[in-house]
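Read the numbers this way: they start at 1 and go in the same order the structure lists the ligands and their atoms.
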Amino acid sequence: MSLYKDQKIKIYNSLTKEKETFTPIHEGAIGMYVCGPTVYSNVHMGNCRTFLSFDLVFRYLKHLGYKVRYVRNITDAGHLENDGESGDDPILKKARIEQLEPMEVVQKYTVDFHDTMAKFNALPPSIEPTATGHIYEQIAIVENLIAEGHAYEKNGSVYFDVIKFNETHAYGKLSGRKLEDMITNTRELAAQSEKKNPQDFALWKKAEPQHIMRWPSPWSDGFPGWHLECTAMSTKYLGENFDIHGGGMDLKFPHHECEIAQAEASNHKSPVNYWMHTNMLTLNGKKMSKSTGNSILPGELFSGKNNVLGRTFAPSVAKFFMFQAHYRSILDFSNEALEASEKGFNRLLDAYHSLGAIETSDKSSMSISTWKQSCYDAMNDDFNSPILIAQLFEASKFINGLKDGNATITKADLEELSATMKAFLFDVLGLEDTSVSGDESAEKLDGAIGLLIELRNQARANKDFATSDKIRDELREVGVQLKDGKEGTTYSLS
Ligand code: AMP
Ligand code: ZN
């Protein structure tokens, strides 16, 4: 069903700084590219906020019936600190520290990333290409940029000529920076570099002898610059002009600015119609970040082993907490905020579960179709998840009214209400029903039944058959069958 024909989305475009009506290039089909992680360490909750925000976008677009090709890359080479001027490749650095092959580092943290995304119930992207798997495509773009006069070679490395580009294009338009100001601020750096000017950025770097991740190219044995991989992979899988490009705000400059420059210089067209940027998750008011150590890892959240949280929280609770803020607002992470979100989330789940026991009537005292459309309106307005959640709380208030006999609902409306809550809670927000399922609950149940079996064994040993029979019979009443065998007592659930 193509819901998108009735639901018109507006997206805040970071390039124009306006909320714009979203019109895909091809009707019914959307291409979306999101910069993926640089896999040299575990993703932290800040990274997760960005990836989960785009999972929400992906889920909502799919819910509306769009065919979405969602490309999210893995940066497994080339993300150099300081554009290679004085910094190192963090993957190589980590490989040295952990005494691993660089590709072992890549594999270890890619697996961790996938595992984390699965725990958060995020959908896998349609394509997950790697930088090292697209060296050929990156070299082809560099060759084209040199031929177009937008790049130059120096000592086996190739740089993008920003000043030349700016003569005919607007370098800095996404981040709002002016090239003249950048030049004034960096004048003293110019002399130490092989670049024509400090704003130029690396497209290809000649590898030093100790740099083991290297590939042959027309200029040197080396490796591609970081910005190039996203241009190569987005163009290959989504075309020279595609619908949505996303990432965290901190990627606007230089990464996305450079992507725009490369693509415009190479393909003579603007690569992206809607640029979306998520705001930062902070801890103690400061950006969560790998390099400063000001971060909470998802594993620490699930295990409760950290200095910030008093106990464990389920992945869906953390997700609910994040979606209670709009993706373009700063959000501060704290134990108190998570506890409040957990309460709210449980209230919604309780309301949803109680729908099965509601008596219907011949009139509804609330318009379910109006409420349902306000859920869509919230998401159509630049994916406004906090407003959507406020609407779900409105529904839960109404459900409480139904339970108390202060409100009424028809059978058809009850079905509509139930289906809509289910769709938004589980399909669109991608939350999981922590109250009825999940490994954690299964473990708890197993532990509780184990304890009852032990108490029954003690009762039998004491010849207290009244108690042992009571435990067996009452467990059977709630659907737990005990079976006594040679290996001891086991149970099954009916
Ligand atoms: P990285 O692996 O460092 O390239 O980061 C992966 C993604 O996480 C990028 O889109 C970043 O912009 C984003 N990111 C990094 N730190 C945060 C944060 N504190 N809050 C939200 N997103 C972040
Ligand atoms: Zn990127």
Side-chain angles (χ1 to χ4, degrees), residues 14 32-57 71-81 87 89-91 94 105-106 109-110 112-113 116-117 120 122 125 128-131 134 138 141 174-175 201 224-238 242 244-263 271-272 275-298 318-319 321-323 325-333:
S14 316
M32 175 164 90
Y33 187 91
V34 172
C35 296
T38 306
V39 280
Y40 69 95
S41 62
N42 304 99
V43 278
H44 55 65
M45 288 304 294
N47 304 129
C48 293
R49 180 184 188 199
T50 288
F51 296 124
L52 294 173
S53 299
F54 288 105
D55 184 56
L56 176 68
V57 172
V71 182
R72 187 184 64 208
N73 69 303
I74 294 280
T75 296
D76 57 352
H79 189 162
L80 294 187
E81 294 155 358
D89 181 333
I91 294 174
K94 197 59 169 262
V105 173
V106 164
Y109 295 110
T110 303
D112 171 76
F113 174 59
T116 302
M117 287 297 108
F120 277 119
E128 195 170 43
T130 60
H134 295 76
Q138 297 182 72
I141 297 177
L174 177 70
S175 55
F201 55 88
W226 172 37
H227 318 304
L228 193 58
E229 62 172 275
C230 289
T231 301
M233 295 185 270
S234 61
T235 311
K236 174 159 181 166
Y237 298 110
L238 300 172
F242 57 95
I244 301 174
H245 191 316
M249 295 243 286
D250 56 341
L251 295 189
K252 268 194 196 173
F253 189 88
H255 187 50
H256 292 159
E257 203 71 75
C258 296
E259 272 191 50
I260 293 177
Q262 289 165 163
V272 176
W275 280 95
M276 290 180 68
H277 289 98
T278 52
N279 213 325
M280 296 293 107
L281 186 67
T282 58
L283 182 61
N284 301 317
K286 290 196 202 82
K287 179 189 165 189
M288 247 193 219
S289 132
K290 281 178 204 178
S291 52
T292 60
N294 185 44
S295 66
I296 290 269
L297 302 182
K319 228 166 131 170
F321 155 71
M322 294 200 244
F323 291 156
H326 187 242
Y327 77 86
R328 283 192 291 115
S329 314
I330 291 181
L331 176 65
D332 198 51
F333 191 88

*Asks:* Using a strict 4.0 Å cut-off to heavy atoms of K287, name the atoms of ligand 1 that fall inside it.
*Replies:* 16 (N), 19 (N)
*Asks:* Which protein non-hydrogen atom lies closest to atom 2 (O) of ligand 1, naming both residue and atom, and how far is it?
*Replies:* T38 N, 3.0 Å
*Asks:* Answer yes or no: does an N/O atom from D250 fall short of 3.5 Å to an N/O atom of ligand 1?
*Replies:* yes
*Asks:* What part of T75, side chain from CB on, backbone N/CA/C/O, both or neither, has a heavy atom under 4.0 Å from ligand 1?
*Replies:* neither
*Asks:* Quick one: does M45 get a heavy atom under 4.0 Å from ligand 1?
*Replies:* no
*Asks:* Aromatic contact between F51 and F120, with the criterion being ring centroids under 6.0 Å apart: yes or no?
*Replies:* no
*Asks:* Strictly distance-based, threshold 3.5 Å: is any side-chain N or O of K94 a donor or acceptor partner for the main-chain N or O of S41?
*Replies:* no
*Asks:* With only distance considered, is F51 within less than 3.5 Å of ligand 1 through an N or O on each side?
*Replies:* no
*Asks:* Under 4.0 Å, counting heavy atoms only: does V34 come that close to any atom of ligand 1?
*Replies:* no
*Asks:* Minimum distance, heavy atoms only, to atom 3 (O) of ligand 1: which one of K290, M288, M249, R72 is it?
*Replies:* K290
*Asks:* Rounded to the nearest 0.5 Å, how far apart are CD1 of I330 and CG of N279?
*Replies:* 4.5 Å
*Asks:* Quick one about S289 and N294 (side-chain donor to acceptor, distance below 3.5 Å, no hydrogens or angles considered), yes or no?
*Replies:* no
*Asks:* Nearest non-hydrogen contact with atom 9 (C) of ligand 1 belongs to which option: N294, T278, L251?
*Replies:* L251
*Asks:* Does the plane of the ring in F333 sit parallel, tilted or perpendicular to the ring in F321? Use 30° and 60° as the thresholds.
*Replies:* perpendicular
*Asks:* Can you check the angle at the Zn ion (ligand 2) formed by NE2 of H255 and SG of C35? Round it to the nearest 10°.
*Replies:* 120°
*Asks:* Is the closest side-chain heavy-atom distance between L56 and M322 below 4.5 Å?
*Replies:* no
*Asks:* Among protein heavy atoms, which lies nearest atom 15 (C) of ligand 1, and at what distance?
*Replies:* N47 ND2, 3.2 Å
*Asks:* Considering only protein heavy atoms, which is closest to atom 20 (N) of ligand 1, and at what distance to one decimal place?
*Replies:* L281 N, 2.8 Å
*Asks:* Looking only at protein heavy atoms, which one is nearest to atom 21 (C) of ligand 1, and how far off is it?
*Replies:* G46 O, 3.0 Å
*Asks:* Are S14 and L174 side-chain neighbours, meaning at least one heavy-atom pair lies under 4.5 Å?
*Replies:* yes
*Asks:* May I ask you to identify the nearest protein heavy atom to atom 13 (C) of ligand 1, giving residue, atom name and distance to one decimal place in Å?
*Replies:* T50 OG1, 3.7 Å
*Asks:* Could you check if a side-chain atom of K287 sits within less than 4.5 angstrom of a side-chain atom of D250, using non-hydrogen atoms only?
*Replies:* yes
*Asks:* Give the ring-plane orientation class for Y237 versus H134, where under 30° counts as parallel, over 60° as perpendicular and anything between as tilted.
*Replies:* perpendicular
*Asks:* Which ligand 1 atoms, with their elements, are less than 4.0 angstrom from a heavy-atom of P37?
*Replies:* 2 (O)
*Asks:* Between the side chain of Q262 and the main-chain N/O of C230, is any donor-acceptor distance below 3.5 Å?
*Replies:* no
*Asks:* Identify the protein heavy atom lying closest to atom 17 (C) of ligand 1, giving its residue, its atom name and the separation to 0.1 Å.
*Replies:* M280 SD, 3.5 Å
*Asks:* Taking only heavy atoms of N279 into account, list the atoms of ligand 1 that are under 4.0 Å away from them.
*Replies:* 21 (C)
*Asks:* Knowing that exactly one of H256, M233, E229 qualifies, which makes a side chain to side chain contact (heavy atoms under 4.5 Å, CB included) with C35?
*Replies:* H256
*Asks:* Do any of the N/O/S atoms of C230, backbone or side chain, fall under 2.8 Å from the Zn ion (ligand 2)?
*Replies:* yes
*Asks:* Give the ring-plane orientation class for H227 versus H255, where under 30° counts as parallel, over 60° as perpendicular and anything between as tilted.
*Replies:* tilted
*Asks:* Does an N or O from G248, backbone or side chain, lie closer than 3.5 Å to an N or O of ligand 1?
*Replies:* yes
